[in-house]
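Worth knowing before you read on, the calculation uses all heavy atoms, side chains too, and leaves out hydrogens, waters and symmetry mates. For ligands, and for the atoms within them, numbers begin at 1 and follow the listed sequence.
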Amino acid sequence: MGTPEQSTTGGPAVGWAVRVGGLAGACHPGPVVAVTALMAALAVTAGQSAARGVLTAAAVLTGQLSVGWCNDAFDARRDVAAGRRGKPVADGAIGVTEVWVAAYAALALCVPLSLACGLWAGAVHLAGVAAAWAYDLRLKATAWSWAPYAVGFAALPAFVALGLPGQPWPAWWVVTAGALLGIGAHLGDVLPDIRGDLATGVRGWPHRLGPDGARLLLPVPLVIASAVLVLGPAGPPGGRGTAALAVAVVVAVAGAVLGRRWERAAFVAAVAVAVVDVALLLLRGTGIA
Ligand SMILES: CC(C)=CCC/C(C)=C/CC/C(C)=C/COP(=O)(O)OP(=O)(O)O
């Protein structure tokens with residue numbers, strides 16, 4: 001691990017390849033890639049043109065990058081003090097100033113890219129990105145930590161819908177499902193680290209529920225999202241939708257039961273339900289507006 005001085009200023013001994021790797025690691029690459037790929041796929045199934053789909057994906061990518069970098073830059077001092085491993089700034093791979101510059105550069109790109117998809121689409125996406133920055137800078141350590149996730153994830157499908165020809169308003173059920181998926185993502189993101197977070201005094205919403213409360217609640221928003229995605233669109237739910245909802249309920253119940261003995265089972269079950277939700281979202285893509 002680097003010293004705090006190296007870690008927060010980017011020591012001269014650190015080569016460019018390590019810095020690039022550090023910058024890539026500091027953006028939270030997993031969620032950045034997953035969210036961008038999902039929104040690009042939704043843009044295709046919703047019926048955006050190829051050019052608009054690329055623009056949508058670029059706006060989402062830059063927004064996610066800005067949020068991920070802002071998160072690590074803001075937390076750097078605490079991560080260094082706690083000797084946290086696996087965080088590029090705390091490990092001394094990249095300086096905190098460089099991560100801040102990257103966060104603001106990505107945000108500066110995100111604004112015109114979002115607005116190029118239309119005024120309403122851009123405004124909605126930027127509201128989601130602003131909510132996520134508010135999470136990074138303030139709300140993460142409060143009882144309201146779930147709210148930016150709900151707003152951010154609700155904004156994403158709304159951004160895709162409003163980017164369609166005629167700028168149609170998104171269907172209520174896709175916005176609701178997005179918000180529920182966001183709340184599930186927050187619980188799922190916190191759960192693996194919750195005991196370590198509690199030891200270092202982090203007090204977001206899942207921490208206030210406690211490890212057992214957060215574990216039990218984790219599948220609830222995800223299963224409700226499945227129900228909303230199956231039952232929300234007009235017309236009969238169809239055999240595939242009903243089967244998907246049944247699978248989500250069974251997996252969630254199994255996760256809750258097994259999770260009492262093996263905590264990891266609850267997490268794996270929640271990921272499986274989230275995969276069902278993503279498949280349903282893409283299947284319902286044509287009707288989101
Ligand atoms: C539209 C849009 C931008 C939606 C995103 C919504 C949102 C609030 C995302 C936050 C993502 C993030 C960087 C979490 C890290 O949390 P952490 O600090 O608890 O995790 P860590 O300590 O492992 O870095």
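Put simply, no part of Arg78 is less than 4.0 Å from ligand 1, judged by heavy atoms. By the 4.0 Å heavy-atom criterion, Lys87 is counted among the residues contacting ligand 1.
In terms of polar-atom proximity, Asp136 is not counted as a contact of ligand 1, lacking any N or O under 3.5 Å from an N or O of the ligand. Ligand 1 has a nitrogen or oxygen under 3.5 angstrom from a nitrogen or oxygen of Asn71.
Of the protein's heavy atoms, Gln64 NE2, 3.3 Å lies nearest to atom 2 (C) of ligand 1. Nearest protein heavy-atom contact of atom 23 (O) of ligand 1 is Arg84 NH2, 3.2 Å. The closest protein non-hydrogen atom to atom 12 (C) of ligand 1 is Tyr149 OH, 3.9 Å. If you check which protein heavy atom lies closest to atom 20 (O) of ligand 1, you get Asp189 OD2, 3.8 Å. Among all protein heavy atoms, the one lying closest to atom 1 (C) of ligand 1 is Gly152 O, 3.4 Å. The nearest protein atom to atom 19 (O) of ligand 1, hydrogens excluded, is given as Tyr135 OH, 3.1 Å; this is a heavy-atom distance. At the shortest separation from atom 18 (O) of ligand 1 among protein heavy atoms lies Lys140 NZ, 2.5 Å.
In this structure, Ser226 contributes its side chain and Leu222 its backbone to a donor-acceptor pair below 3.5 Å. Using a distance-only test at 3.5 Å, with no hydrogens or angles considered, a donor-acceptor pair links the side chain of Arg208 to the main chain of Arg203.
Atom OG1 of Thr56 sits about 10.5 Å away from atom CE of Met39, to the nearest 0.5 Å.
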Chi angles and distances behind the salt bridge (Lys or Arg N to Asp or Glu O under 4.0 Å) call for Arg84, Asp75: CA-CA 11 Å; Arg84 190 169 172 191; Asp75 289 345; 5.6 Å; no

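Aromatic pair Tyr104/Trp133: centroids less than 6.0 angstrom apart.
Residue-ligand proximity, Ala132 to ligand 1, at heavy-atom distances under 4.0 Å covers atoms 3 (C), 5 (C), 6 (C), 7 (C), 8 (C). Listed by number with element, the atoms of ligand 1 under 4.0 angstrom from any heavy atom of Asp75 are 18 (O).
Under the 30°/60° scheme for interplanar angles, the aromatic rings of Trp120 and Trp169 are found to stand perpendicular.
Residues Val60 and Phe159 meet the side-chain proximity criterion, which asks for heavy atoms closer than 4.5 Å.
Applying the ring pair (Phe, Tyr, Trp, His ring centres under 6.0 Å) test to residues at least two apart or on different chains, the pairs with a partner in residues 173-195 are Tyr135-His186, Tyr149-His186. For residues 56-74, the pairs satisfying salt bridge (charged side-chain N to carboxylate O under 4.0 Å, His left out) are Asp72-Lys87, with sequence neighbours left out.
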